[in-house]
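Here the structure is a predicted model, which is why all the values come from computation and not from measurement. Starting from 1, each residue takes its place in the sequence as its number.
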Amino acid sequence: MKKIDKILRPGPGGRRWRRFRHNRRGYYSLLIFCFFFCLSLCSELISNDVPFLVVYNGGYYFPFLKSYPETVFGGVFETETDYQDPFFLEQMRKAGNHAFFPINRHGYNSINLRVDGPLPSPPSRVNLLGTDDRGRDVLARLLYGFRLSVLFGFVLTLVGTLLGIIAGALQGFFGGRVDLLSQRFIEIWSSMPELYLLIIFASIFKPSLLLLLMLLSLFSWMGLSDYVRAEFLKGRNMEYVKAARALGVGNLTIMYRHLLPNGMAPVITFLPFRMSAAILALTSLDFLGLGVPPSTPSLGELLAQGKANIDAWWLSLSTFIVLVGTLVLLIFIGEALRETFDPRRR
C-alpha cells in the first residue's frame, strides 16, 4: 500500500485514495466485498457436482469445462457421465485413476437423491447448509446466487449510470427548451407504474435476465440524471467554459473534457447505493416470481422458499445473512466515498 501511496501522492487521486483508506469501515468493507465477489467468480471450482480434473488411464479430463460420455470412463452408455454414480467412484479407486472434486460436491441445480427424511432437509455433513424443497444444496445456490446478483447489479448500475450521465449532461449543458422538455418527459415517465409493467411483460414474454435488465434500465437512470444536470447547469457558465467556446471548441469536447470530470463526484458517490438498490430490486422480483427463470440460482427464490417453509429456518437465515451482509458492505463503501468526495472534509 505504501507504493500505491507514493505513486498516487502527486495528484488529487492520491489524496482521495488516502482519504478513503482513512475511513477504515469503508476501506475494510471494500476489501471484504471484493474477496467474496472474487470467491464467487470461482464458484465452479468451489461448489460443483462434477470434478474439475479427472485422471483416467493416463489421460487428463476437465469435466467442468467439457461434457464426457460414460464410455470414456469405462461405462456402456453414451449419455453424459454421472460423476456421483457409485460405478464412476469405483473406477476412480483403481490404481492410477483420480478424480479431484471441489470442496462442496454440489452444483446449484444438482439434487441430492440420498437425503433421509422430508425436504427441505436440515444441515448435515453432506449438505452443510441443508437443502431446499427440491433437494438442491443451499450453499451452492447461495454461492451462485450471490454471484448472479452482484453481476446483475454491476451491469444495471453501469447502464443506468451511462444513461443518467447522458441525459443529465444534455439537459444541463443546453438548457432552455431541451431542459424544459426533458424535465416534463421525466415527470411523465417516472409516473409510470414500474411494477405493473414488469407483471405485464412477465406474462407476455419468457422471463430472462436480459428482459429484466432492459425493463429496469428504462427507469434506473432518472435519479442520477438530476445530479448530473445540476453539475452541468452550474459549470456551463464558468469562465473556462466560456474561454473554450471562444476558442472554437465543440460542445461535445467541452462536455467530455471540461464539465464531465467536475461532475463525476456525485456519480461516483452514488454508485454503491445504486448497486445495492439493483441487487435488492432483483431479489424482490425473484421473491415475487417476476424475475429470473425458476431453475436459476437466486437469493429471492430462496427467500420465497423460506417463507413457504417456515420450519426450514436454514433457508431464511442463511439467505438473510448473505443479502443483508452484501447490502451493508455496499452502504459502508458508499458512505466512505461520500466522505471522500465531500469538499468540506479534509
query = With ring centroids as reference points, do F232 and F173 lie under 6.0 angstrom apart?
reply = no
message = For V228 versus A169, what's the shortest heavy-atom pair and its separation?
response = CG1-N, 3.7 Å
request  = Taking the six-membered ring for Trp and the full ring for Phe, Tyr or His, determine whether the centres of F270 and Y227 are under 6.0 Å apart.
outcome  = yes
message = Assigning hydrophobic clusters by single linkage (Ile, Leu, Val, Met, Phe, Trp, Tyr; side-chain heavy-atom cutoff under 4.5 Å), is I331 placed with L337?
response = no
remark   = Exactly one candidate in V54, V55, L53 meets side chain to side chain contact (heavy atoms under 4.5 Å, CB included) with Y61; the answer is V54
request  = Side-chain contact test, heavy atoms from C-beta onward, threshold under 4.5 Å: evaluate it for D137 versus Y108 and give yes or no.
outcome  = no
query = Got a donor-acceptor contact below 3.5 angstrom from the T161 side chain to the T157 backbone?
reply = yes
ask   = If you measure from CG on L45 to CG on N104, what distance do you get to the nearest 0.5 Å?
value = 13.0 Å
query = If you take all heavy atoms of D49 and F101, which pair is closest and at what distance?
reply = O-CE2, 4.1 Å
inquiry  = Other residues, nucleotides and ligands only: do more than 12 of their heavy atoms fall within 6.0 Å of CZ on R24?
reply    = no
key: Side-chain donor or acceptor of R141 paired with backbone N/O of T296 under 3.5 Å   = yes
request  = Please say whether more than 12 non-hydrogen atoms of neighbouring residues, nucleotides or ligands are located less than 6.0 Å from CG in L252.
outcome  = no
ask   = Hey, mind stepping through I254 and R245 against side chain to side chain contact (heavy atoms under 4.5 Å, CB included) and telling me if it holds?
value = CA-CA 8 Å; I254 295 175; R245 284 176 174 171; 3.6 Å; yes
ask   = Can you tell me if Y68 and E80 form a side-chain donor-acceptor pair at under 3.5 Å?
value = no
key: Over 12 non-hydrogen atoms of neighbours within 6.0 angstrom of CZ in R184   = yes
key: Sub-4.5 Å side-chain heavy-atom contact between F73 and Y83   = yes
request  = Measure across T269 and P272 and return the closest heavy-atom pair with its distance rounded to 0.1 Å.
outcome  = O-CD, 3.6 Å
key: pair L209-L148: side-chain heavy atoms closer than 4.5 Å   = yes
request  = Determine the minimum heavy-atom distance between L142 and L129, stating which atoms define it.
outcome  = CD1-CD1, 3.8 Å
key: Distance, nearest 0.5 Å, that separates CD of Q183 from CD of Q171   = 5.0 Å
query = Once the angle between the rings of H258 and Y240 is folded into 0 to 90°, is it parallel (under 30°), tilted (30 to 60°) or perpendicular (over 60°)?
reply = tilted
note = In terms of heavy-atom contacts, L303 and L323 come closest through CD1-CD2, 4.0 Å
query = Can the ring centroids of F154 and F37 be said to lie less than 6.0 angstrom from one another?
reply = yes
query = Does L170 reach the side chain of M255, with side-chain heavy atoms less than 4.5 Å apart?
reply = yes
key: F100 atom CZ, neighbour heavy-atom count above 12 within 6.0 Å   = yes
inquiry  = Closer than 3.5 angstrom, by distance alone: can the side chain of T253 be matched with the main-chain N or O of V249 as a donor-acceptor pair?
reply    = no
ask   = What is the distance from atom CG of L330 to atom CZ of F33, rounded to the nearest 0.5 Å?
value = 4.5 Å
message = I'd like to check P69 versus T81 (side-chain heavy atoms, cut-off strictly below 4.5 Å). Are they in contact?
response = no
message = One pair to check against side chain to side chain contact (heavy atoms under 4.5 Å, CB included): S47 and L139. What are the steps and the verdict?
response = CA-CA 8 Å; S47 180; L139 178 59; 5.6 Å; no
Side chain to side chain contact (heavy atoms under 4.5 Å, CB included) between D133 and L315, worked out = CA-CA 10 Å; D133 56 1; L315 290 174; over 6 Å; no
ask   = Just by modelled atom types, is the N112 backbone N or O under 3.5 Å from a matching donor or acceptor in the H106 side chain?
value = no
inquiry  = Just checking F320: does its CZ atom have more than 12 heavy atoms from other residues, nucleotides or ligands closer to it than 6.0 angstrom?
reply    = no
inquiry  = Checking F219 now: which residues fulfil ring pair (Phe, Tyr, Trp, His ring centres under 6.0 Å) with it, not counting sequence neighbours?
reply    = W189
ask   = T131 side chain to S121 main-chain N or O, any donor-acceptor pair under 3.5 Å?
value = yes
message = Please determine whether residues F35 and F146 belong to a single hydrophobic cluster, defined as Ile, Leu, Val, Met, Phe, Trp and Tyr linked transitively by side-chain heavy-atom distances below 4.5 Å.
response = yes
request  = Determine whether L271 and L158 fall in the same hydrophobic cluster, where Ile, Leu, Val, Met, Phe, Trp and Tyr are linked whenever their side-chain heavy atoms lie under 4.5 Å apart.
outcome  = no
key: Spatial distance of atom CG (L212) from atom CG (L156) [nearest 0.5 Å]   = 8.5 Å
query = Any chance CE of M214 has more than 12 other-residue heavy atoms, nucleotides or ligands included, within less than 6.0 Å?
reply = no
remark   = Scanning both residues in full, the closest heavy-atom pair of S298 with D286 reads OG-OD2, 2.5 Å
Residues E301 and Q305: side-chain donor-acceptor under 3.5 angstrom = yes
message = Do R229 and D179 have side chains that approach each other closer than 4.5 Å (heavy atoms only, starting at C-beta)?
response = yes
request  = Kindly work out whether a path of hydrophobic side-chain contacts (I/L/V/M/F/W/Y, heavy atoms less than 4.5 Å apart) joins L211 to M192.
outcome  = yes
Sidechain-backbone polar pair: N97 side chain, N57 backbone, donor-acceptor under 3.5 Å = yes
message = Could you measure the distance from the CD1 atom of I310 to the OG atom of S316? Nearest 0.5 Å is fine.
response = 6.5 Å
request  = List the steps and the verdict of side chain to side chain contact (heavy atoms under 4.5 Å, CB included) for S276 and I279.
outcome  = CA-CA 5 Å; S276 62; I279 294 175; 5.7 Å; no
task = Please answer whether the main-chain N or O of R16 pairs with a side-chain N or O of R21 as donor and acceptor at a distance below 3.5 Å.
result = no
request  = Say whether L162 and M275 are linked into one hydrophobic cluster, either directly or through other cluster members, by side-chain heavy-atom distances under 4.5 angstrom.
outcome  = no
request  = Would you indicate whether the side-chain heavy atoms of P123 and N127 approach each other to under 4.5 Å?
outcome  = no
message = To the closest 0.5 Å, what do you measure between CG (N23) and CD (E339)?
response = 5.0 Å
inquiry  = For N237, is the CG atom crowded, meaning more than 12 foreign heavy atoms sit under 6.0 Å from it?
reply    = yes
query = Looking at side-chain heavy atoms only, is the closest gap between F52 and P102 below 4.5 Å?
reply = yes
